[in-house]
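Presented below is the structure to which this report refers.
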Amino acid sequence: MAITEEPPLILELESGETKPSTGAFARPTYAKGWRAWVFTVDHKKIGIMYGAVAMFWFLWGGIEALLIRTQLLTPNGTVLTAEQYNQIFTMHGTTMVFLVIMPLAAAFANYIVPLQIGARDVAFPRMNALGLWIFVFGGIFLNLSWFLGGGPDGGWFAYAPNTSVTFSPGAGMDFYAMGLQIAGIASLVGAINLIVTIINMRAPGMTLLRMPVFTWMILVVQFLLLFALPVITVALVLLSLDRTFDANFFNVGMGADPLLWQHLFWIFGHPEVYILILPSFGIVSETLPVFSRKPLFGYSVIVISGAAIGFMGWGVWAHHMFVSGLGPVSVAAFSATTMFIAVPTGVKILNWIATMWGGKITFTVPMMFSISLVSMFTIGGLSGVMHSVAPADTQQTDTYFIVAHFHYVLFGGALMGLFAGMYYWWPKAFGYKLNETLGKWHFWIVLVGFNLTFGPMHILGLQGMARRHSRYGPEDGFDFWNLMVSIGAFVILIGMIIFAINIVKTWLGYKAGTIEQSPADPWDGRTLEWSIPSPTPEHNFDYVPVVTDLDDFWHKKYQKDENGKLRKVADGNAIAQLGDQHPHLPSPSYWPIVLASGLPLIALGLIYTLWLTGIGLLVLVAAIYGWSLEPHTDPDVGHGHGDDHDDHDEPDGDHSENLIDSPKDESTEEAPVG
Amino acid sequence: MNVITDSHVEGTVEHEDHGLSDLGYIKIALLLAVLTAIEVLTYFVDFGVLEVPSLLILMVVKFQIVISYFMHLKFDSKIFSYLFITGLVLAVVVFAAMATSLVFWTDPAGCDAGRFC
Amino acid sequence: MDNATEVNTSQLAYGPTEWDDYDVPPLTTGLSNEKMTMWAFLGSDCLLFAALISTYLLLRNRVGPDTDGSTAAELFDIPFTSVSSFVLLMSSLTMVLAVTSIGRGEIERCKMWLLTTATLGAVFIAGQVYEFTGFYREGLGFTTNISSSAFFTLTGFHGVHVSLGIIMLVTLWSLISRGNIGAERAETVEIIGLYWHFVDIVWIVIFAVVYLIP
Amino acid sequence: MSGWHKRVESAKLLKKRKFANEVHDTDMVQNRFFYNRNLRFTFLGTLLLFISSCASGRLDPLKPVGQNAKDIDGIMRLSAWMAIAVGLFVGAAVIAVIIKFRVRPGDDPDELPEQIHGNKKAELTWTLIPVVMLLFLAVATIPSVFDLHDKGDGPTIQVTGQQWWWQFSYDLDEDGQSDIITSNEIVIPVGQEVNLEITSNDVIHSFWIPQLNGKKDAVPGRVHHWRISSPVPGIFYGECTEFCGLSHANMQVRAVALEAADYKIWQESQLAKSSIPTGEAAKRGYDLFGVHCISCHVINGVYEGAADGNANLASGVAPNLTHLMSRTSFAGSLFELYNEDQSVNIADLREWVRNAPGQKPSRPENRQGMMSFAEILNGPELDDIVSYLQTLGGKPPLMPS
Ligand code: HEA
Ligand code: HEA
Ligand code: CUA
Ligand SMILES: [Cu+2]
């Protein structure tokens with residue numbers, strides 16, 4: 001934390017002039033080329049990079065899934081050895097959860113949240129970049145294991161003691177433990193940043209209950225991250241200490257209780273699954289009203305139930321341990337708490353349906369993905385309720401019935417929602433719409449493939465097919481449905497390839513000018529991000545929007561006429577801001593990426609040779625100092641007005657010069673507490 | 001301050017109240033020292049059944065004093081309290097549940113192993 | 001803002017407002033971002049320590065077929081630890097005094113209290129190092145048994161927190177000495193103070209739950 | 001045609017089950033897995049229709065036999081119907097929305113649908129109805145949780161999971177010493193609730209015989225109580241379902257339920273100790289066994305050295321072979337010990353002894369699993385050992401049908 005709360009230091013002299021006192025390092029000023037991306041602190045570029053990297057890992061995790069499916073295509077498959085299979089399903093789960101869904105959600109959170117709350121950036125732009133690069137290096141680090149003796153092979157929840165050195169002698173589990181710690185730091189940094197941003201950087205007038213649902217859900221998710229990450233960090237630290245320094249936390253010979261790991265993991269793990277789903281719930285809460293042309297049904301109930309899910313998510317973790325040897329009291333208690341989590345979720349589902357009910361629905365691609373979330377997630381949620389019946393779960397757990405459940409909620413829920421978000425906000429981010437026809441192909445093929453893949457898994461599970469088995473015998477009667485599942489997986493691949501083609505084609509078309517520039521408000525949107533040009537100008541808002549309503553932008557477009565009837569009074573594109581102002585923006589910075597690069601070095605050193613750790617620590621310390629000694633802004637400072645907040649928002653320091661001609665306001669005065 | 005700020009400032013920022021005087025803090029510290037002394041006393045004097053509860057109570061009181069006075073929570077915005085207390089309460093509740101589940105509500109047959117419970 | 005284009009701004013949904021006169025739009029809650037960051041982080045750290053403490057409590061008496069050596073608790077030297085706990089507790093007082101003095105603009109006094117705090121922290125760490133070497137000499141290393149692993153991990157984590165705090169205090173001291181931070185940045189001192197107090201309250205819990213409760 | 005038949009059919013086509021997943025010693029086994037793919041596909045084609053309606057293998061938890069499994073099945077069906085009902089309702093609502101409320105070509109784009117912001121009553125309704133449904137489910141669930149944790153009236157059997165096979169020990173006289181130790185197949189008396197005390201020697205496994213009861217994890221350092229029972233004699237199949245490392249997929253188990261009289265006979269026979277064989281080849285095998293195998297395996301009466309201090313294996317001990325032939329399968333129930341015609345499956349047994357890691361993924365170099373003797377024993381020696389193995393114990397009380 002030393003990193004975060006040491007703001008750049010500015011010496012304010014008695015005379016009132018400021019000088020960057022210790023600013024020993026100039027800040028980069030690249031506006032174009034790769035360096036503009038690598039050193040950026042702009043939340044939009046960071047968001048896009050999160051998305052791009054996550055899509056790369058999605059491809060990778062998908063390839064792993066296809067390997068799994070090829071192996072299981074027939075009984076006694078021989079495509080992979082048992083060793084490879086175990087590594088691949090472990091990394092498939094880990095990749096999809098930590099390197100795909102979480103960063104995709106982070107992509108939207110970074111890109112969209114500041115826009116939805118009318119801010120020009122997040123509270124701490126450099127910390128934002130830091131989070132991105134730590135995540136990037138963490139992902140690379142995790143996958144380095146493939147080249148250094150094999151991936152982790154303990155399953156994504158890595159139950160001890162199977163993950164101890166005795167039973168998993170390769171370095172794979174070390175990469176897992178350290179890689180996830182690194183990724184965890186990234187998420188923690190991001191979580192704190194977004195929490196502060198959402199609490200503190202909203203546009204004037206945007207009270208909590210005027211906040212868009214997406215922003216709300218992201219807020220809930222960041223709190224879940226804030227409180228869940230330390231728990232898995234502890235679990236992973238204990239595991240690392242066991243593996244690297246011969247500690248005894250999971251050494252049964254010393255009297256360890258292996259259930260400790262399970263508790264620690266799932267205390268994190270269950271909130272984690274809501275971390276994965278809530279952003280998508282937020283996304284569809286944006287799209288469904290827009291494409292139904294109705295306000296969200298029961299806004300406050302949806303918000304509250306989102307928060308309730310977040311809360312209740314802390315009281316159900318042991319439903320993953322129904323057969324682990326908990327006593328009957330625990331099992332019964334956790335069984336009951338788990339069931340009731342269906343209530344707030346159900347409220348959401350039904351409110352979404354009620355939102356569409358009576359609407360005028362246009363079936364754009366984002367809408368189709370959103371509706372498929374509503375229906376496919378429900379299937380997954382309902383099988384979740386079936387697991388929550390603890391006695392029944394003793395038959396279901398660790399079979400493909402569970403695999404079916406979580407793919408329905410993760411793919412059918414989280415991923416479908418994220419795809420809805422991609423199609424929905426694509427024009428805002430890139431200035432053009434994805435092709436709707438290709439998008440529909442993408443949607444339908446994926447929907448069919450998805451159900452073909454994961455639907456039959458219910459049957460397989462109920463037939464007794466255990467998960468994490470690298471093979472099954474011909475006598476078990478699993479052949480047919482496994483064949484279908486594997487075919488389905490390749491159908492999904494086709495769908496995803498169409499998506500990739502869509503991206504490339506439309507981009508080329510946009511460059512060539514055959515695809516038109518998207519207007520500011522292509523979907524007749526409701527929230528602030530549609531009140532600024534597409535693609536978003538660098539500074540987001542020309543003028544800080546002053547908000548008086550929920551769905552404020554929509555209310556600017558539709559107002560009651562004299563008969564009290566709602567009428568369109570303005571076209572969103574006509575009243576959108578022009579993006580022609582040039583407020584001052586925070587400068588890029590070298591240090592986030594440098595700082596981040598220290599972490600994988602430290603971790604590698606812990607696995608192999610300690611001197612690497614030393615180098616990593618040096619990089620880290622140097623970067624922290626570089627970070628804090630960096631001047632606040634680039635040489636432009638003092639030119640434009642409206643210098644935006646950098647890592648700190650003190651109205652003093654270098655701002656003081658500009659503040660002279662600002663009307664003094666109490667809230668600016670009271671900021672420095674002391 | 002205009003109307004809009006009024007409606008959108010959510011924290012109750014009590015700017016007048018900046019906590020205690022130095023002397024006040026010293027008094028608080030003395031109190032803490034006394035409480036600690038009582039805690040240590042339990043080690044030398046047998047408190048019987050009261051030992052664990054009294055230690056826990058003392059701990060909570062000390063904790064409370066430090067966060068409210070030294071850390072200003074008492075005088076600062078409620079938002080800070082919410083941020084911190086949420087984490088604290090969650091931590092206590094969740095891990096109490098975990099401990100209960102592991103220690104008391106474990107599988108009855110597990111206790112046959114003797115040394116494990 | 002550059003108001004040259006004012007011509008067509010009238011038809012914008014969100015045109016110029018009085019708010020544009022601010023370079024930095026006022027923060028929604030009026031609270032400082034940095035301080036909120038610290039509080040959020042501390043809320044998060046609660047779970048970190050709760051997990052570590054519960055781990056220790058769970059494992060402190062466990063033995064298996066391969067266990068030998070005494071448990072950590074059997075080696076505690078309560079009077080000694082009481083003294084170092086007291087030292088840490090008092091460092092909280094000096095930290096508070098540092099914060100109040102910089103609030104009043106008394107830079108020198110603040111520097112003095114910061115150094116005192118750091119020193120007290122260092123004394124605490126030294127005590128811990130002494131305690132640990134004592135344990136080690138009596139045959140209780142990090143890997144000796146399960147209670148020792150849990151004990152050293154918990155107290156080690158706390159010790160790392162204290163050490164980071166000391167580094168921050170010293171850095172702060174030197175920055176104030178160099179004139180980089182003045183009374184107007186009293187909040188920085190306060191924020192680091194929050195961290196420091198948190199480390200102290202964690203120790204209050206550890207001292208009671210780990211050391212004193214039998 | 002039931003799934004059972006299908007299995008038999010398939011087994012016939014395959015002649016017998018060959019394990020051929022990943023092999024370190026490829027050349028030996030390579031051809032085994034190819035010889036049947038095409039056949040299997042045509043077979044699949046013809047069975048396609050049947051399978052979709054009545055597919056079920058021998059693991060099917062939906063065909064419960066034991067009382068516990070039946071209880072579970074009951075409550076699972078209850079929850080399933082509930083889920084299906086809710087699912088159909090939501091599905092119908094979504095479809096209705098899609099059909100009814102789509103934009104029609106003639107619609108005035110400026111005409112807004114009625115702007116409804118919510119409806120307290122409706123929202124309360126769909127909060128309360130699920131609450132009631134779930135209360136109902138919870139009330140049904142909780143007693144059954146406690147029921148499943150009760151102890152039964154039958155004998156107690158210790159179940160020990162290890163990488164990658166199960167050991168069962170019976171303490172008949174309750175003196176704290178195991179009297180019968182066997183592996184792969186747990187033999188139980190019909191009609192009694194048998195108590196299991198499940199634990200593990202290395203990592204976490206999960207004991208599961210779907211038709212008799214749900215799973216229970218075998219956790220090292222803990223003993224978990226669980227029950228199984230069967231009202232009818234027969235062989236029931238199961239597998240390890242907690243990921244336990246390399247050969248997790250190949251850690252199967254069988255339960256053999258015997259009528260009371262047969263159970264008695266089985267017990268008696270298991271108590272018998274082994275003695276030095278008389279046949280010539282078997283005697284040679286016996287001697288070889290004394291050289292190569294006794295560091296791990298115990299044969300009561302003759303080779304008991306491995307019984308103490310044998311924890312040389314990270315995975316714990318190796319199966320006790322005293323009554324090897326009285327089981328229907330070996331090596332984690334991965335291989336049948338007898339052919340369809342009830343003759344001993346010598347080919348697989350010999351291959352196992354020759355090169356166990358080639359037959360079942362394992363890491364003998366990390367002391368996980370049985371080592372390979374491919375470089376150590378020559379052909380005749382292998383034959384001798386196999387002849388000796390065939391003298392160990394009588395025929396199994398039941399054969400897989
Ligand atoms: C996006 C992630 C996500 C989400 C949202 C959920 C949601 C839920 N999950 Fe799931 N779950 C996972 C991801 C997720 N899960 C993963 C990854 C695993 C496996 C981990 C592993 O082992 O690898 C898992 C495993 C898992 C288990 C453990 C199974 C086992 O291993 O034995 C259980 C057990 O109770 C469970 C239950 C639930 C429940 C009750 C919900 C509920 O929140 C669902 C609520 C939703 C609905 C019920 C539908 C809508 C509701 C209505 C229309 C109202 C009316 C409904 C009723 C009256 C029933 N899940
Ligand atoms: C969000 C999470 C997520 C997603 C999306 C998926 C997607 C898929 N998963 Fe799963 N899966 C998990 C999370 C996920 N999974 C988890 C947590 C586990 C548990 C692991 C464990 O047990 O430890 C698991 C386990 C798991 C198993 C069980 C393995 C076992 O127990 O032995 C199987 C088996 O079939 C499987 C299959 C699949 C398939 C076929 C897909 C397919 O849907 C994948 C399809 C995707 C592609 C084919 C990629 C195509 C992408 C492109 C073409 C890129 C486009 C690029 C651009 C646009 C830039 N997964
Ligand atoms: Cu044993 Cu899986
Ligand atoms: Cu869960």
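A note on names: the letters A, B, ... follow the listed sequences, proteins ahead of strands, and every chain is numbered from 1.
Proximity of Glu39(B) to Ile78(C): side-chain heavy atoms (C-beta onward) are nowhere separated by under 4.5 Å. Contact check for Tyr43(B) versus Pro79(C): side-chain heavy atoms found under the 4.5 Å cut-off. You'll find the side chain of Trp39(C) reaches within 4.5 Å of the side chain of Met71(B), heavy atoms only. Side chains of Lys62(B) and Ile201(C) form no contact here, defined as non-hydrogen atoms less than 4.5 Å apart. Residues Leu56(B) and Ile213(C) have side chains in contact (heavy-atom distance under 4.5 Å, counting atoms from C-beta outward).
In plain terms, the two heavy atoms of Ala29(B) and Leu93(C) that are nearest each other are CB-CD2, 3.6 Å. The two residues Val40(B) and Leu212(C) have their closest heavy-atom pair at N-CD1, 4.4 Å. Of all the heavy atoms in Ala91(B) and Ala50(C), the pair that sits closest is CB-CB, 3.6 Å. Considering every non-hydrogen atom in both Leu83(B) and Ala40(C), the closest pair reads CD1-N, 4.0 Å. Among all heavy-atom pairs drawn from Met59(B) and Ile204(C), the shortest one is O-CG2, 3.9 Å. Residues Leu47(C) and Gly87(B) approach most closely at CD1-O, 3.7 Å, considering heavy atoms.
Taking CG of Leu57(C) as the start and CG of Leu102(B) as the end, the distance is 12.0 Å to the nearest 0.5 Å. For the atom pair CZ of Phe80(B) and OG of Ser32(C), the computed distance is 6.0 Å after rounding to the nearest 0.5 Å. Atom CG of residue Leu41(B) and atom OG of residue Ser82(C) lie 10.5 Å apart, to the nearest 0.5 angstrom.
The part of Met90(C) that comes within reach of chain B is its side chain, from C-beta onward, which places non-hydrogen atoms under 4.5 angstrom from that chain. Heavy atoms of Thr36(B) lying under 4.5 Å from chain C belong exclusively to its side chain. For Glu51(B), the part lying near chain C is the side chain, with the backbone staying farther off; criterion is any non-hydrogen pair under 4.5 Å. In this structure, the portions of Ile26(B) lying under 4.5 Å from any heavy atom of chain C include both its backbone and its side chain. Residue Phe44(B) touches chain C through its side chain alone, counting heavy-atom pairs closer than 4.5 Å. For Ser44(C), no part lies near chain B; criterion is any non-hydrogen pair under 4.5 Å. For Val96(C), the part sitting under 4.5 Å from any heavy atom of chain B is the side chain, from C-beta outward, and nothing else. When heavy atoms are compared at a cutoff of 4.5 Å, Phe207(C) approaches chain B solely by way of its side chain, counted from C-beta outward.
Salt-bridge formation is detected for the pair Arg104(C)/Asp22(B): a Lys NZ or Arg NE/NH1/NH2 atom is positioned less than 4.0 Å from an Asp or Glu carboxylate oxygen.
Between chain B and the options Ser85(C), Ala51(C), Ser101(C), the largest number of non-hydrogen pairs under 4.5 Å is found for Ala51(C). The most heavy-atom pairs under 4.5 Å with chain C, out of Phe84(B), Tyr82(B), Tyr69(B), come from Phe84(B). Chain C forms the most heavy-atom pairs under 4.5 Å with one residue out of Thr42(B), Ile65(B), Leu88(B), Ile85(B), and that residue is Leu88(B). Counting heavy-atom pairs closer than 4.5 Å to chain C, the top residue among Leu58(B), Ile67(B), Leu73(B) is Leu73(B).
Taking the six-membered ring where tryptophan is involved, the planes of His197(C) and Phe70(B) are tilted, since the angle between them lies from 30° to 60°.
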